[in-house]
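These numbers were taken from a predicted model, which means no experiment stands behind them. Within every chain, numbering begins at 1; the chains are lettered A, B, ... in the order of the sequence lines, protein sequences first and strands thereafter.
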Amino acid sequence: MTAAVMPLAAGELAAFGKDPWWIILIKAVAITVFLLVFTIFNVWFERRVVARMQHRVGPNVHGKFGLLQSLADGIKLSLKETIKPKGVDTILYVLAPIISAAMAFVAFSVIPLGPEVSIFGHRTPLQLTDLPVGVLFVLAAASLGIYGIVLGGWSSGSTYPLLGGLRSSAQMISYEVAMGLALVAVFLYSGSMSTSEIVGAQAGGSAVDIFGVTLQLPSWYGVVLLPSFLIYMIAMVGETNRAPFDLPEAEGELVAGFMTEYSSMKYLLFFLAEYVNMVTVSALATTMFLGGWRAPWPISLWAGANEGWWPLLWFLGKVLVFLFVFIWLRGTLPRMRYDQFMRLGWKILIPVALVWTVFVATARATLSAGYQRQFFFGIGAVVIVVLLLSFVYDAVAARREKAEEVEREEADQVEFDPFAGGYPVPPMPGQKVPGLEPAAVAVAAASAGAGSADSSGGAGAEGAGQQADSGEERGRG
Amino acid sequence: MGIEEKLPAGVLLTTVEGVVGYFRKASVWPATFGLACCAIEMMTTGGPVYDTGRFGMEVFRASPRQADLMIVAGRVSQKMAPVLRQIYDQMPEPKWVLSMGVCASSGGMFNNYAIVQGVDHVVPVDIYLPGCPPRPEMLLDAILKLHHKIQTSKLGVHKEQELEEQELTALESASTSEMKGLLR
Ligand code: SF4
């Protein structure tokens, strides 16, 4: 991907940075208001959908369809008494929710909401601004938002918030790595890191020439780069602390996590930050993988679908789909254990993302340089090598298993002593407590002993005991 | 925030009272907190059949800092009383207490040394709910009455006036020892 192939020139972003101050003001206020209203809608939407999934009705008393519900929550929370517990670090305690909420809003400024429209006769793109590294800006803002959580947990001066804050910082940092790696493939494909250009790059599908047959690729990176999309989807749930990855707020373990000591307005800010973050990651997913504001397939047949204000609607629709998935996950899945969660992040997502990135990079480099044949032979070779390696691995694993079995059998030969450490301990699987036999076996053995050695008379009981012992020996063998 | 408490008495305050009352009653978050058998009925009330979620009350908050309502569901043992009081103290104003079941209200059948004879020895109670255990319908009824109470509660100067009036009536009314005949 040299600059000659895919120019990253300023020409692409020429539409930005030319607005008069009042347009910028209108856009900034509009985005803020939009996010606030959308959050209010979101909370209601989530509660209704989750209620449906749990065979309940959900909020329907206050306002039409319960639509006033989340507004009431917000107003009530802001009217509540502000408690500042003893032992908090006041400055950080106040600052933390503000950082969290502010960063959630900031990230939205580079999300493209639509094409060029005219606002009061001034033509301007429906996006506050764009940068040559717009996506990195979103990731950076999200990382700064974590400061809010860590500082909030630490400054509360009590145990549960601290643990919750540490957990969530570990979680978000590790899932941010996977998220960033998932996006690398998109950068490689689109040749740009600016959000508006990535949307533009998904406008028309590219053609690939395989052995003389020209294939028209679909234009959405969610289809072309499906593994990236899946990794991003998982990482974005981890990144926003939502179920099944809502470990920082695990109620059974940590009360309310980093928010435990927060009440009233400050709690509201954390609450807001969480929901705005959900919208932001969904919007980023839409932009990167689902063609941004461009109309989806059946609508895109209509010529005017991608002009004027309509794209805003398509964009919202796609974001809503992601939000629904968030809620769906919450209504369906139980919370994961912390170690399982970390294993998923570090041992599965990140390696897969790395391998996939290398693959995409190789594919792009060889295909665009015209080495189709070599590329596909290369893939074939890799597949064969992987198959061979798996055979070798199977053989080695089988041998190791056999060796382990032999070892276990040898270990079983050693007599189990329940009082070895001074305390009675239960036997491990496969071990038997000496002299402890199920009653039925002992009775059967006794009758067998009596049958075979009827002449010994008084020694019957002793014989039964021996029978039982030998039976145990056989069982072990 | 406290601004609403400092408004001068009059139409403005009455209007604010109405609006604030509406939003407060629309979003009463209970604390995750159950003491005995009554708690099972409380959980049922949040389930699919009765669904307190309709009133926006399915949000049981684990941290008392974010809760508005403490449903004392069950008998309060002497050992639990300080814990209960602490949870109450950790909740931010305005907060309400619903004493659910005869045990929480008066000690009920447990007339003994181990059980606090009514949770009102420990925290101020807004609604008493009889029954052993009260059915979920009864809990819903108590919650609706509490909603009414929240809706009509006064703020700032009006609140002070109301309290003064209550104090006066209490002073003027006959004490129990002076009451004659069938006490009903
Ligand atoms: S009132 Fe009845 S159901 Fe409730 S706690 Fe007491 S004994 Fe249990």
Heavy atoms only, distances under 4.5 angstrom: which of Asp73(A), Leu68(A), Leu77(A) has the most pairs with chain B? Name it, please. Asp73(A)
Chain B: which of Gln54(A), Met259(A), Arg47(A), Arg48(A) shares the most heavy-atom pairs with it under 4.5 Å?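 Result: the option with the highest number of such pairs is Arg47(A).
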Whether Gln78(B) side chain and Tyr113(B) backbone form a donor-acceptor pair below 3.5 Å: yes
Charged tip of Arg167(A) within 45° of Tyr338(A) ring normal and under 6.0 Å: yes
Going by the ring-ring contact (aromatic ring centres under 6.0 Å, His included) test, which pairs reach into residues 27-51 of chain B, not counting sequence neighbours?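 Found none.
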If a pair satisfies ring-ring contact (aromatic ring centres under 6.0 Å, His included) and one of its residues is in residues 51-107 of chain A, list it, with sequence neighbours excluded.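 Found His62(A)-Tyr22(B), Tyr93(A)-Tyr262(A).
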Lys25(B) portion near chain A, given a 4.5 angstrom heavy-atom threshold: both
Considering only heavy atoms and a distance below 4.5 Å, find which of Pro94(B), Pro92(B), Gly53(B), Ala62(B) pairs most often with chain A. Pro92(B)
